[in-house]
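Input: a single structure, listed below in structure tokens.
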Amino acid sequence: MQFRYVFSELRSGLRRNLSMHIAVVLTLFVSMTLLGLGVLMKQQSDIATRFLGDQLQVTVYLCRDGDTNPACAARATDEQKQRVVEAMEGNPEVASYTFESQEEAFEKVKELYGADQFDGDNPALTAADMPESYWITLKDPKEFQGIESEVQGLDGVSQIRDVHETLKPIYEWLDALKYGSWGIAVFLLVAALLLVANTIRLAAFARRKEIAIMRLVGASTLYIALPFLMEAVVTAVIGVALAGGTLGAFMWFGVHERIADSVKFMPWIGAQEYTTALVVIAILGPALTLLPTLLLTRKYLKV
Amino acid sequence: MSTHVIRFEKVSKAYPGTAKPALDQVSIDIEKGEFVFLVGQSGSGKSTALRLVLRETRSTGGRVHVAGKDLNRLAGWKVPRLRRQIGTVFQDFRLLPNKTVSENVAFALQVIGKSRAEIKKVVPQTLELVGLDGKGERMPHELSGGEQQRVAIARAFVNRPMILIADEPTGNLDPTTSAGIMKLLDRINRTGTTVLMATHDVHVVDQLRKRVIELDHGRVVRDDAQGAYGAAG
Ligand SMILES: Nc1ncnc2c1ncn2[C@@H]1O[C@H](COP(=O)(O)OP(=O)(O)OP(=O)(O)O)[C@@H](O)[C@H]1O
Ligand SMILES: [Mg+2]
């Protein structure tokens with residue numbers, strides 16, 4: 001009986017304010033899509049940082065057994081490593097550094113190409129084939145020559161990779177996409193909030209006689225507010241579903257079918273990251289319509 | 001206190017931004033089953049007193065007890081439960097124009113979650129009680145003013161409230177029609193419902209000879225057990 005009332009009110013409420021609800025759904029749809037896109041980009045740049053180091057980073061690869069670099073006689077010894085550490089500690093350009101073992105390097109490769117490639121008795125690559133390395137974070141990305149030249153000549157150092165020139169455009173793109181989509185999303189979310197607020201005001205006005213009588217005869221506040229809350233949830237669910245679908249299409253056609261197969265130097269966002277983005281918008285979307293509804297119904301439907 | 005359905009203890013009400021209080025130290029006891037007229041010139045505070053009983057507004061001084069509850073201490077979420085024990089009727093009927101007579105009455109039960117079976121049983125009974133049997137399918141605009149007020153009374157009474165509050169229920173009606181409405185309120189009062197009615201209507205008050213409380217500038221100036229509209233000569 002209660003449900004019947006709520007659903008009939010919901011239906012007539014949605015129909016009465018159809019154009020407003022469509023406006024809410026559309027703004028939510030676009031803002032949630034952008035928000036989700038930002039979440040995806042954020043995760044992609046996290047992946048990039050993990051694999052390639054961030055923009056402030058210089059990687060010092062140490063010699064390994066069978067190194068192709070003729071300067072490497074054999075695998076870097078502890079003593080040689082100690083020299084590198086001393087150089088890094090003594091250099092003012094270095095903010096911090098971490099050591100990456102052969103196993104850790106191998107784990108990354110497995111993640112990139114799939115662990116199953118390296119199963120079996122005679123795998124193409126083992127941890128022993130990976131170089132050890134130091135990942136140096138610079139204080140200032142422009143100040144790298146000192147440490148590079150200092151480490152370059154040390155024994156046991158095979159190669160120095162200074163990725164910040166190569167990576168700069170990638171990071172710039174990811175950052176631009178991330179902050180761009182979040183920035184636009186914020187504007188649209190403000191628009192969505194205002195639309196929700198207006199929709200409720202109109203609906204409360206249209207139903208003011210009913211509401212006055214409901215209050216008078218002792219209908220509970222929740223009962224009075226329920227149709228409004230349901231309307232908010234329904235529009236949010238539709239908006240989020242559309243955004244989720246669009247993000248899914250982007251993941252499939254944009255990332256999975258295009259980039260992921262051709263650009264292989266780092267892993268690309270996949271199902272797991274998509275799920276994270278979905279969770280974020282599935283929580284934020286309804287929250288953003290429900291919160292103003294709760295606040296405004298308290299105001300308009302004050303018992 | 002148990003027999004007092006409504007009890008005002010030195011109740012004052014000052015609306016924000018007004019210099020003079022609408023009610024000033026008003027003390028009233030109304031017992032279960034009483035019929036009480038609240039009279040006084042316009043602006044004397046009658047509607048304010050009724051609004052306090054409904055907890056539409058809160059007193060700024062003193063205590064209001066209704067149905068054993070101190071309304072100033074009553075939590076907001078308990079107010080609906082209080083109002084289910086009070087039926088309310090206004091001068092302007094306040095019917096929903098797009099619902100039939102039956103639907104208007106049923107609405108009051110629906111929104112407090114009564115079962116369909118009960119609604120189906122009680123609504124026709126109540127319409128019969130107020131003299132509207134056979135008119136359940138009419139729309140409000142197809143009824144006379146007196147009939148519309150009967151619908152409003154049916155809606156107020158359909159949940160068998162302990163208290164019936166009426167704010168100038170005959171204010172829009174001619175004397176004959178008013179007499180009919182008063183008869184109905186009297187009948188409802190005889191079922192044990194306490195009736196508190198604010199009115200300007202000399203005729204109505206003088207005819208019924210019930211308890212009369214007169215307000216003047218927010219103070220009780222008269223409380224006669226079987227009074228007339230004007231002070232007894
Ligand atoms: N919401 C309000 N805000 C401010 N002042 C108010 C409000 N409601 C009533 N008043 C004032 O309180 C006083 C009492 O008003 P109230 O409506 O109780 O009088 P009343 O006896 O019902 O008058 P009437 O017979 O005209 O209906 C008046 O001076 C009125 O102006
Ligand atoms: Mg009044």
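In what follows, chains carry the letters A, B, and so on, assigned in the order in which the sequence lines appear, proteins first and then strands, with residues in each chain numbered from 1.
Separating the CE atom in A/Met214 from the CD1 atom in B/Ile112 is a distance of 12.5 Å, to the nearest 0.5 Å. Summarising the geometry, atom CD1 belonging to A/Ile213 is positioned 4.0 Å from atom CZ belonging to B/Arg155; distances are rounded to the nearest 0.5 Å. Taking CD of B/Gln110 as the reference point, atom OG of A/Ser8 lies at 8.0 Å (rounded to 0.5 Å).
With contacts defined as side-chain heavy-atom distances shorter than 4.5 Å, the pair B/Arg84/A/Val217 does not qualify. Side-chain atoms of A/Arg215 and B/Pro80, non-hydrogen and from C-beta on, never get closer than 4.5 Å to each other.
Within the 3.5 Å criterion, the main-chain N or O of A/Leu216 finds no donor-acceptor partner in the side chain of B/Arg83.
Atom OH of B/Tyr15 sits in a crowded spot, with more than 12 heavy atoms from other residues, nucleotides or ligands closer than 6.0 Å. The neighbour count for A/Arg16 CZ, taken as heavy atoms of other residues, nucleotides or ligands under 6.0 Å away, is above 12.
There is no contact between B/Pro161 and chain A, counting heavy-atom distances below 4.5 Å.
The shortest non-hydrogen separation linking A/Ala219 to B/Val111 is CB-O, 3.3 Å.
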